[in-house]
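In what follows, a structure is listed as C-alpha cells, so that the remarks can point back to it.
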Amino acid sequence: MNIANWLYQTALSWPSRPALYEGDSLRQTYHALLQATCDRAAWMQAVHGIEKGDRVAIFAKNTPEYIELLHACWWLGAVVVPVNCKLHPREAEWIIRDSGAALTLTESGRVFADRPDIREVALGSPVAGTKEIVPPARVGDRDLAWLFYTSGTTGTPKGVMLSHDNLRHMTLCYALDVDTARPEDHMLYAAPMSHGAGLYMFAQIRAGGAHLVPASHGFDSDEIIALAKTRGNLVFFAAPTMVKRLIATAKQQGHDGTGFRTIIYGGGPMYAHDIDEALACFGPRFVQIYGQGETPMTISVLPRDLVADQSHPRWRARRASVGIAQGAVTLAVLGPDGTALPPGHTGEICVQGPTVMTGYWRNEAASAQALQDGWLRTGDLGHLDEDGFLYLTDRSKDVIISGGTNIYPREVEEALLAHPAVFEIAVIGEPEPDWGEQVVAYIVFEPGKSASVPELDSWCRQQIAAFKRPKRYLFVEELPKNSYGKVLKSDLRSGKGAATATA
Ligand code: AMP
C-alpha cells in the first residue's frame, strides 16, 4: 500500500477541512493540498522525468511545501531523501550522490550551483495547474518510500531504507501507543521534518486534522506558546532540549500548558529533573518515545499516564525509563553471544518487527552487521525490569546527542586531524544542562606545533556543519590508551584523561 493513499482518501472524504497552516494563516484545505500534490507530481514527471523508484532529495528547512513535496514523490512511486537542513552543503552533497538522487529540491535552487551534475531546483518553483486529480501510483509494501540518512560510527552516513510498510506500521504504533489523532488537533512541525517530526505526520493526515508549520520555520518557544493560545490543540514531537526551553519560556510567561494537547519527547535522554519540572508546569501532556532511524520512532513508549504517574511503588524509576515495547515490536536485551538476558542485566537493545528497516542503501556489510538473526542490533545498551520497562544505560556507539541531534565523534575527529598542527585527537560528549551534551575535543599537537582555539574553530567551520564543532578544547600531552593502543574514551569521560590537560 502506498503511504500516500491516506492523503488521497482524506482529501476526497473531507475536502474542505483545513490541512495546512503557516503560523496562523490557513494555507491549504485538504482539497487544495491534494490538488497541489497532483500538480507537483505531474511537474516532477513531465519536466524532470521522475519515475517510480527514482530518488528525490529535499535539502530544506521546514516549509509549508514539505508535505506536498513528500507526497508528490510518493504519488509517482519515487523515494524521498529528506536531508537534515543543518548539514553543511558538502555533507548534503555526499548524501545526494550516495542516494543517486535524480532531483534535489532546495529553498533557493542554487545551493549546488557550482555542481552542474546535481540537478537542483527551487522547491517553490511554479508548476502548471492541471486541475487533474489522480490517485497515487500502486507500489508494493516493501517498495522504498524514505531513505533516512543517519551517520555511522565510522563517520560515513548510511541510508536507512524505509518501505511504505515500515511507515504504515510506525503510524499504527503511533495510533495505538502514542496518541489518538483527531481532526481538531494541529500537528506542529517545530523539529526538523527531515527527521522524527516529519515521520509523525501520517496519523494526522489519516484523521483529517491540520498541520502547522511555524512562521519561523523552526523552533521558537515564544511563537509556539502564541500558537497554543491562538490555534490550540497542539501536538508535536520535540527533542528534550526543546521541551526544556519551552518550559522555561512558559514559566517566564506564566503559561500553564493550555492549548498544548500532546508533547512527544525523545531522540535523546530526558533528565529526570527536566521532566519533573515540565509536568509540574504543564500537567500530563507528555509522552516519551524511543526509536532510531533503523526502526523509526518505534522501539519503546512511555505513555502519557505512565509519564505522569505517582502512584506505582516504582513510578520514579519508571519515569526515568524509556517505557515499554511499542505495540508492533518485540524487544530484547541480548548478551554478546546473542542470547536474551534476564531482567536487570545490561546488554544490547535489539528489536524485531514490521517497522524495522529493510537494510542500508547499497551497503550490504553494514546491513549484515545491523540485522543479525532476525534482530535489529540498535547499538544502544540497556536493561529491562521485571515489568518490561526498558532502561537505556549507555550508547555503545560513541554518538553525542546535542539538542536531540546526533553528532558522530569520528567525523569531528577526522576534520580536526586534517589540521597540520593536530597529532592526535579524541572527541567525546560531556553533559550540558541546555543541550543534553556538548562536544569536547582532546587534542595532542604535533611536536613543536600548536594552534589556538579560534584557529581550530574556524578550521572546523570550513569542514563540517557548525553544530558539530567542539564547544570546548583541551590540549593534552597524551591521550589515555589501552594496551592495544586504543584511546580510552571512557577514561576521558570520567575525567581521568583531563589530568594532563594544559588548556
Ligand atoms: P536517530 O537514528 O538519529 O533517530 O538516533 C537514534 C538514537 O537516539 C538512539 O539509538 C538512541 O541512542 C537515542 N535516543 C532516541 N530516543 C531516545 C530516548 N527517548 N532516550 C534516550 N536516547 C534516545
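Indexing begins at 1, ligand by ligand and atom by atom, following the structure's order. Counting begins at 1 with the first residue of the sequence. Just so you know, these numbers use all the heavy atoms, side chains as well, and skip hydrogens, waters and symmetry mates.
The contact set between ligand 1 and Ile401, taken as ligand atoms under 4.0 Å from a residue heavy atom, comprises 8 (O), 13 (C). The Gly291 neighbourhood of ligand 1 comprises atoms 6 (C), 9 (C), 15 (C), 16 (N), with distances under 4.0 Å to a heavy atom of that residue. The ligand atoms of ligand 1 that sit less than 4.0 angstrom from a heavy atom of Gly266 are 19 (N). Per-residue contacts place Gly293 under 4.0 angstrom from the following atoms of ligand 1 (heavy atoms of the residue considered): 1 (P), 2 (O), 4 (O).
A search for salt bridge (Lys or Arg N to Asp or Glu O under 4.0 Å) contacts involving Glu277 returns Lys251, not counting sequence neighbours.
Residue Tyr290 places no N or O, backbone or side chain, under 3.5 Å from any N or O of ligand 1. Looking at ligand 1, you'll find an N or O of Ile289 within less than 3.5 Å of one of its N or O atoms. The distance criterion of under 3.5 Å between nitrogen or oxygen atoms is not met by Val322 with respect to ligand 1. Ligand 1 has a nitrogen or oxygen under 3.5 angstrom from a nitrogen or oxygen of Gly267. An N or O contact shorter than 3.5 Å is missing between Glu294 and ligand 1 by distance.
A salt bridge is absent between Glu107 and Lys61: the closest approach of a Lys/Arg side-chain nitrogen to an acidic carboxylate oxygen does not fall below 4.0 angstrom. A salt bridge between Arg168 and Asp141 is present, with a side-chain N of the basic residue lying under 4.0 Å from a carboxylate O of the acidic one.
Residue pairs meeting the salt bridge (charged side-chain N to carboxylate O under 4.0 Å, His left out) criterion with at least one member in residues 256-272, sequence neighbours excluded: Asp179-Arg261, Asp185-Arg261.
A 6.0 Å sphere centred on CD of Glu430 holds more than 12 heavy atoms belonging to other residues, nucleotides or ligands. More than 12 heavy atoms of other residues, nucleotides or ligands lie within 6.0 Å of CH2 in Trp459, so this atom counts as buried by the packing criterion.
With distances taken over non-hydrogen atoms, the option nearest atom 11 (C) of ligand 1 out of Thr405, Asp380, Val160 is Asp380.
Under the 4.0 angstrom criterion for non-hydrogen atoms, Thr378 is not in contact with ligand 1.
The shortest side-chain heavy-atom distance between Val80 and Leu147 does not fall under the 4.5 Å cut-off. Residues Thr358 and Arg142 have side chains in contact (heavy-atom distance under 4.5 Å, counting atoms from C-beta outward).
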